[in-house]
**Student:** 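My questions all concern the structure below.
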Amino acid sequence: MVFEKDLNLDATELRLGLPGSSKESLRISNKRALPDMNDDSGVAAAKKCDQETAPPTKAQVVGWPPIRSYRKNSLQTKKTEAETSGMYVKVSMDGAPYLRKIDLKVYKGYPELFKALEDMFKFKVGKYSEREGYNGSEFVPTYEDKDGDWMLAGDVPWEMFINACKRLRIVRGSEARGLGCVV
Amino acid sequence: MNMNYFPDEVVEHVFDFITSHKDRNSVSLVCKSWYKIERYSRQRVFIGNCYSITPQRLIARFPGLKSLTLKGKPHFADFNLVPHDWGGFVYPWIKALAKSRIGLEELRLKRMVVSDDSLELLSKSFPNFKSLVLVSCEGFTTDGVAAIAANCRFLRELDLQENEVEDHRGHWLSCFPESCTSLVSLNFACLKGEINLASLERLVARSPNLKSLRLNRVVPLDTLQKLLMRAPQLVDLGIGSYVDDPSSEVFSKLKAVIQLCNSIRSLSGFLEVAPCCMSAIYPICENLTFLNLSYAPGLQGNDLTKLVQHCRKLQRLWILDCIGDKGLGVVASTCKELQELRVFPSDPFDAENAAVTEEGLVLISAGCPKLNSLLYFCHQMTNAALITVAKNCTNFIRFRLCILDPVKADPVTNQPLDEGFGAIVRSNKSLKRLSLSGLLTDQVFLYIGMYAKKLEMLSIAFAGDSNKGMLYVLNGCKKLRKLEIRDCPFGDVALLQDMGKYETMRSLWMSSCEVTLGACKTLAKKMPSLNVEIINESEKLESEQLEFSFDDRLLVDKMYLYRTLVGDRKDAPEYVWLL
């Protein structure tokens, strides 16, 4: 049709749709090729798909598979959590008759960890300062790191700590002096 | 014999026994007298599309209204196909009800936009308000929830299911006054933030009627143990965090208290879970009728299988596909009472690890004769399997199959899955809801039109070859109420063939099909009882407008039409065109 040629309808994709969406692949005979729909990252990626001659990798089609966003979001956060299984470490306390084991992944930071230890062993951690370590308490939390060194718990960022910590030991304050600095 | 000789009160008393919405609607159509009696005595109203009627007309017709159920956005909004501010706002409803003399006691909303203001207004306007159920809603924060807790003095039910709620670090739970002792059901599993655990314990302690409690993931195991001590009468439990050292004292206490909870029939949650702790749950498994582990990806196939072996009385099971085909085999041999099965994908985008296939489904169909409702996400399906399932199960009311690769053929024969689905509809004469997937031609729609005579809701994606497909369905499925179609080659011819059909349906959704703007305009013009909405989110639109000024040949990306008694809605955003 002359009219169509003039307006060049195909090239301008005369549709009220999201930019980049293409219907071409849906019309290939009976056997429908994997739909070349826009993925979550939008136009650029869709164009990239058009240019590649290799079969499109599983471009994520909007709204497919049909799972509620709420469920999708929960699974995504939990997948990353579930992948790294629990980080159980032994905890000993000077003077206590037996050791305990805790999962470091359960805690979000030092305050929660120390609270849990305090509850478990019935002691108080005391106030932390960078310069002096833990003041005002009989007991101090220390840990053995991957190098086999005994460190004062609380100095390094939490994420670094849980990855480095192999076991925990709650020592009497008197023994802890001298453990203040690392470097 | 003529009921018109009975005084109104007698007729009304008879109507008290008629509880289903459908039946009450039918009763109201018999004659003017019955219409009048029915409307004054009606207490519960269900509105499947909030735009089909206005709150004012609802209030005028049913002055005795106590319980209202409203649904807003179309179903495909669940899958991000509808923009967030498309509509479905509850505020105008609450405002109108608050102004009236309606003594609202129960409000149930699905897929609606709920603001904190609405919740606050709701909480302050109805002194007898008892029950709030929000499913897949959005737009509110924990401040709104706090208003409900603080102001609804006789609250029995606060049920938040799968809502997107912004957490405002307020202590909504602590807003329940000490005088609130009426709670029967509390579900806050979808809230992400911290709560005051001590407040929760006190609340449960002063709620002797509490039967249903679903916790969120910040509630740790030791709090769970304390809560169960206070509420051993629970019937429905949703566990938040279930992580502890099995050798700990707390865990022993939990094991002991669980033995006392012999009323629990429904179990869900395990939002955070240590598999080694699951053995404590076994004693309650014996009596469970509903088990939902679909939010517990921390449990592997083995853990799930071990647990399920104890659940002989299970009627409904929601689970992740990591249970595997073998695990489903265990379900099939253990759960002989099973009626409903939902298998969700633990990794929706992973094609590598095929967790469940057609084999699992076949095992279930062979082992569970009472199966009537299925939602099954899998990596592949064969015609042979579906035909076997159709032979084994003839009681399906709901059959939803989702093959993760949208156009996958039968991997054994390379054929479309027309015959398989055809067998399903042929042998399941009571089928009301069907979702299709996989490679499908017009043939499957021929079968659906021929056999699915009771079908009310049909969901189609990436299927069919031509307009014939859609026409088979529209012509054959006399009971069809909701039809939703995406990415199918159905166009104007199918859309316009029988325009009157849409007046017998609640709604039609078509996206990424081949319907033109012109056809939508024609439909809208010829059918004033329908609202025809076009959703355009295109950035290109403005330049297109300049060049083509709404050419009727434009293919429409998203069309949603629904029957209504009240014409165009006034709250549509800019990008929604009401034709």
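Order of the sequence lines fixes the chain letters, A, B, ..., with proteins taken first and strands second; residue numbering starts at 1 for each chain. Quick caveat, the model's predicted, so the values are computed rather than measured.
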**Student:** Chain A: which of B:Ser136, B:Ser435, B:Ala274 shares the most heavy-atom pairs with it under 4.5 Å?
**Tutor:** B:Ser136
**Student:** Measure distances from B:Pro275 to the heavy atoms of chain A and classify the residue's part below 4.5 Å as side chain, backbone, both or neither.
**Tutor:** neither
**Student:** When you compare the side chain of B:Phe377 with that of A:Pro66, does any pair of heavy atoms fall below 4.5 Å?
**Tutor:** yes
**Student:** Would you check if A:Asn73 and B:Glu164 make a side-chain contact, meaning some heavy-atom pair closer than 4.5 Å?
**Tutor:** yes
**Student:** Measuring from atom OG of A:Ser74 to atom CZ of B:Arg217, what distance do you get when rounded to the nearest 0.5 angstrom?
**Tutor:** 8.5 Å
**Student:** Check each atom of A:Arg100 against the heavy atoms of chain B and say whether the ones under 4.5 Å are side chain, backbone, both or neither.
**Tutor:** side chain
**Student:** Heavy-atom pairs under 4.5 Å with chain A - which of B:Ala461, B:Ser294, B:Pro416 has more of them than the others?
**Tutor:** B:Ser294
**Student:** Could you give the distance from CG (B:Leu375) to CD1 (A:Ile67), rounded to the nearest 0.5 Å?
**Tutor:** 9.5 Å
**Student:** State which residues pass side chain to side chain contact (heavy atoms under 4.5 Å, CB included) with B:Asp245; sequence neighbours excluded, sorted by chain then number.
**Tutor:** A:Lys101, B:Ser247, B:Ser248
**Student:** What distance separates A:Tyr70 OH from B:Glu138 CD, expressed to the nearest 0.5 Å?
**Tutor:** 14.0 Å
**Student:** Got B:Asp487 and A:Trp64 here, is their nearest side-chain heavy-atom distance under 4.5 Å?
**Tutor:** no
**Student:** Roughly how far, to the nearest 0.5 Å, is the CG atom of B:Leu320 from the CZ atom of A:Arg71?
**Tutor:** 7.0 Å
**Student:** Nearest 0.5 Å, what's the NZ-CZ distance between A:Lys72 and B:Phe79?
**Tutor:** 9.0 Å
**Student:** Anything in residues 106-120 of chain A with a heavy-atom distance to chain B below 4.5 Å? Please list those residues in order.
**Tutor:** A:Val106, A:Lys108
**Student:** Grab the two heavy atoms, one from B:Leu81 and one from A:Val62, that are nearest each other, plus how far apart they are.
**Tutor:** CD2-CG1, 3.9 Å
